[in-house]
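Given the structure is predicted, the values throughout are model-derived calculations rather than measurements.
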Amino acid sequence: KGYPQAELWMGAHPKSSSQILNGDIEVNLHYILAEDPTDFLGSRIARNYNDQLPFLLKVLAAEHSLSVQVHPNAKQARDGFLREDKIGIAIDSPQRNYKDSFHKPELIVALTEFHALCGFRPVDELTHLLKKYLNYSKFPELAVFYEQPDSDNLAKLYTAMLIANQETKSELIDTFIKHIHSTLPANPQEQYITEWSVQLAKDYPGDIGILSPLLLNIVVLKPLEGLFLPSGMLHSYLKGAAVEIMANSDNVLRGGLTPKYVDSDELLRVVDFNSSQPAPLIAEALNAVEHEYLTPAVEFVLSLIQHKQDMRTDFQPSSSPEIIFCYEGSFVVENCSQFLPLEKGQSLFVPYEVEGFSIQGKGTIFRAKCPV
């Protein structure tokens, strides 16, 4: 459109469905699927996912940090959606937590160097960092955590931080920033904590999310490395461009670094306080040109197709609808003597009924579909 975009959605979510070209006519993919879900999705997927495309593919460009957030599991999403419907919160209300009744596991794959916060740090590491960078005697939950550093006391500590009055939050933040400026980082992780916390304090003054780089793991992905985020994992994307695939849901509970609605009680019900050490995912080879990112998600699978020279690859029917997105280069997609150009930045929806296709060209394509 001639100006920067933060997100590009490719899919059929009712909130913002893709528009596809059917001949010379632009049509809404969500409506097209509803007219004939069996042909477009296949009977298995149509039956299992209520005639909906199970996944949503995005391109994400984070110039500034995105909100600290968490996604619900399947039961939490279903119960929360019904509960908010029952009490009459409108779907488009800013105070609505659950926009649909589905969970939202997601996989992000870096296109540039990508910085993210993801999951609580191991308790031993967190204890050390809190003592070094947040020595604040007026906050009793810190002393309790130091005495017994476990997930239960971490939950109590984080809860106390989140629900504290603004005066207490400001004192915590000021103490943290003073320690950052007076303490030398001992390793690259502490350097990341210093740099990101100072930046967040400039971008979101007074927001308790400024402490997030201290509490959460900082993960730096190289291009084409992935990161899987299960339900319940607190996270924030800090900077970089990436391809993201998720279950077809828009359920987000926010905990900071945002002007949007924050429901602390619901967030705390959903967050998993068990410590983790997320590791980057490397795509595994399926053949000479296609590599797949392995995750436990049942709604989606993402693979990477790379033609390092102008060549042709044939793909057999996959028993699933697909979205293919051209990240680099130029291709022609062929099916039944139909030839469709696929240039950088363009995507193509492949219905279930398509019995295989071929790709001719040079460059890089992301391929999204459902697991077999």
Side-chain angles (χ1 to χ4, degrees), residues 62-70 112-147 149 151 153-221 227 233-240 254-259 262 264 267 271 273 275-278:
E63 180 62 25
H64 299 286
S65 58
L66 306 183
S67 61
V68 178
Q69 60 185 255
V70 67
T112 64
E113 183 176 271
F114 195 85
H115 293 236
L117 302 174
C118 183
F120 286 97
R121 295 179 182 275
V123 289
D124 290 347
E125 179 185 344
L126 184 54
T127 303
H128 167 74
L129 291 171
L130 286 170
K131 289 180 176 179
K132 182 173 182 177
Y133 289 102
L134 194 63
N135 188 6
Y136 185 65
S137 59
K138 296 181 183 179
F139 206 69
E141 288 80 6
L142 275 170
V144 172
F145 180 76
Y146 294 154
E147 182 69 23
S151 59
N153 284 328
L154 174 58
K156 293 174 183 176
L157 173 60
Y158 185 75
T159 299
M161 290 178 171
L162 200 62
I163 66 174
N165 60 44
Q166 190 55 51
E167 180 181 358
T168 301
K169 288 180 179 179
S170 296
E171 289 177 359
L172 283 167
I173 293 165
D174 290 346
T175 301
F176 177 43
I177 297 300
K178 286 177 183 176
H179 277 88
I180 279 178
H181 287 307
S182 63
T183 307
L184 289 176
N187 52 50
Q189 268 294 307
E190 292 190 16
Q191 184 65 39
Y192 287 136
I193 291 171
T194 297
E195 293 173 356
W196 275 114
S197 299
V198 169
Q199 183 62 51
L200 294 178
K202 292 178 181 177
D203 294 342
Y204 301 95
D207 191 310
I208 197 64
I210 293 165
L211 274 65
S212 298
L214 182 65
L215 303 173
L216 305 179
N217 299 287
I218 300 177
V219 179
V220 181
L221 300 177
L227 185 66
M233 182 170 282
L234 199 64
H235 64 279
S236 172
Y237 297 144
L238 298 173
K239 188 176 180 64
R254 297 178 176 85
L257 306 182
T258 179
V262 174
S264 300
L267 175 89
V271 170
F273 288 97
S275 299
S276 61
Q277 285 187 302

Pairwise distance CZ(F120) to CZ(F273) - rounded to 0.5 angstrom | 5.0 Å
What one should report as the nearest heavy-atom pair of K169 and L162 is NZ-O, 3.1 Å
Close side-chain approach of L117 and I218, heavy atoms under 4.5 Å = yes
So, the side chain of D207 versus the backbone of A201: is there a donor-acceptor pair under 3.5 Å, distance only?
-> no
If you look at every heavy atom in G240 and T112, which pair is closest and at what distance?
-> CA-OG1, 3.6 Å
In short, S276 meets N217 closest at the heavy-atom pair O-ND2, 2.8 Å
Side chain of T175, backbone of L134: donor and acceptor closer than 3.5 Å?
-> no
Compare all side-chain heavy atoms of E190 with those of L184 and state whether any distance is below 4.5 angstrom.
-> no
Rounded to the nearest 0.5 Å, the NE2 atom of H115 sits from the CG atom of L221 at a distance of 9.0 Å
For L211 and M161, what are the C-alpha separation, side-chain angles and deciding distance, and is it a side-chain contact (heavy atoms from CB on, under 4.5 Å)?
-> CA-CA 9 Å; L211 274 65; M161 290 178 171; 3.9 Å; yes
Pair L216-S236, side-chain contact (heavy atoms from CB on, under 4.5 Å): steps then yes or no | CA-CA 9 Å; L216 305 179; S236 172; 5.8 Å; no
Inter-residue atom distance L257.CG - L66.CG, 0.5 Å rounding | 9.5 Å
In Å and rounded to the nearest 0.5 Å, what is the CD1 to OH distance from I208 to Y158?
-> 8.5 Å
Would you list the pairs meeting ring pair (Phe, Tyr, Trp, His ring centres under 6.0 Å) in which at least one residue belongs to residues 159-180, sequence neighbours left out?
-> none
Distance-minimising heavy-atom pair for G209 and P213 = O-CD, 4.0 Å
Which atom pair, heavy atoms only, marks the closest approach of P185 to Q191?
-> CG-OE1, 3.0 Å
Side-chain heavy-atom pair F145, L126 within 4.5 angstrom cut-off | yes
Evaluate the side chain to side chain donor-acceptor pair (under 3.5 Å) criterion for residues D124 and T127: first the C-alpha distance (whole Å), next the side-chain angles of each, then the deciding distance (0.1 Å), finally the verdict.
-> CA-CA 5 Å; D124 290 347; T127 303; 5.4 Å; no
Separation of L214 CG from Y133 OH (nearest 0.5 Å) = 8.5 Å
Do E171 and F139 touch side chain to side chain, with heavy atoms closer than 4.5 Å?
-> no
Residue E147 excluded, over 12 heavy atoms near CD under 6.0 Å = no
Is the closest side-chain heavy-atom distance between K132 and T183 below 4.5 Å?
-> yes
Under 3.5 Å, is there a donor-acceptor pair between the Q199 and E195 side chains?
-> no
Atom pair CG/CG of L157 and L154 - distance to nearest 0.5 Å | 6.5 Å
Verify, without hydrogens or angle tests, whether E125 (side chain) and R121 (backbone) share a donor-acceptor contact under 3.5 angstrom.
-> no
Donor-acceptor contact below 3.5 Å, side chain H235 vs main chain Q69 | yes
How about E113 and V220: do any of their side-chain heavy atoms sit closer than 4.5 Å?
-> yes
Flag, side chain of Q277 to backbone of P122, donor-acceptor distance under 3.5 Å | no
Checking side chain to side chain contact (heavy atoms under 4.5 Å, CB included) against L215, which of L234, I193, L130 comes through?
-> L130
For the student: nearest non-hydrogen atoms of S65 and L200, plus distance = OG-CD2, 3.2 Å
